[in-house]
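Notes for the one structure printed next.
Position 1 is the first residue of the sequence, and the numbers go up from there.
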Amino acid sequence: QAAKVAGVPIAASCARGVCGTCKCLMTAGDVAMDHQGGIREREIARGFILPCSSRPTSDIVLDR
């Protein structure tokens with residue numbers, strides 16, 4: 001929702017963290033992510049997030 005309010009277009013199908021369509025690399029910042037299996041632990045370890053099910057806890061930078 002924060003991206004939408006900021007006018008940042010992010011592709012999403014489910015908007016609940018299931019499909020992984022919105023997956024992108026977070027290069028800076030922190031989020032609290034509550035996903036439903038749309039991302040693997042190894043992707044999270046590399047810095048990927050699902051913006052549709054993440055709440056920024058600081059300023060963030062995404063690389064699409």
Side-chain angles (χ1 to χ4, degrees):
Q1 288 179 332
K4 190 176 194 177
V5 169
V8 178
I10 295 178
S13 290
C14 71
R16 294 187 322 250
V18 176
C19 70
T21 301
C22 67
K23 189 182 319 174
C24 62
L25 181 64
M26 182 175 65
T27 59
D30 294 296
V31 298
M33 184 169 46
D34 183 22
H35 68 89
Q36 304 299 316
I39 191 169
R40 296 182 172 131
E41 287 301 318
R42 66 178 179 230
E43 294 170 318
I44 295 169
R46 289 179 30 218
F48 285 89
I49 65 165
L50 297 175
C52 75
S53 59
S54 297
R55 183 179 45 81
T57 56
S58 70
D59 290 340
I60 62 171
V61 177
L62 301 178
D63 181 8
R64 288 287 291 166

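Cluster annotation: I39 and I60 are assigned to the same hydrophobic cluster (Ile/Leu/Val/Met/Phe/Trp/Tyr, side-chain heavy-atom contacts under 4.5 Å, transitive).
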Return all side-chain donor-acceptor pairs below 3.5 angstrom for residues 43-54, not counting sequence neighbours, or 'none' if the list is empty.
residue: E43; atom: OE1; partner: K23; partner atom: NZ; Å: 3.2
residue: E43; atom: OE1; partner: R40; partner atom: N; Å: 2.7
residue: E43; atom: OE2; partner: K23; partner atom: NZ; Å: 2.9
residue: S54; atom: OG; partner: L50; partner atom: O; Å: 2.7

May I have the list of side-chain donor-acceptor pairs in residues 25-35 shorter than 3.5 Å, sequence neighbours left out?
residue: T27; atom: OG1; partner: V61; partner atom: O; Å: 3.4
residue: H35; atom: ND1; partner: G37; partner atom: N; Å: 2.9

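Of all heavy-atom pairs spanning D63 and C24, the tightest one is O-CB, 4.0 Å.
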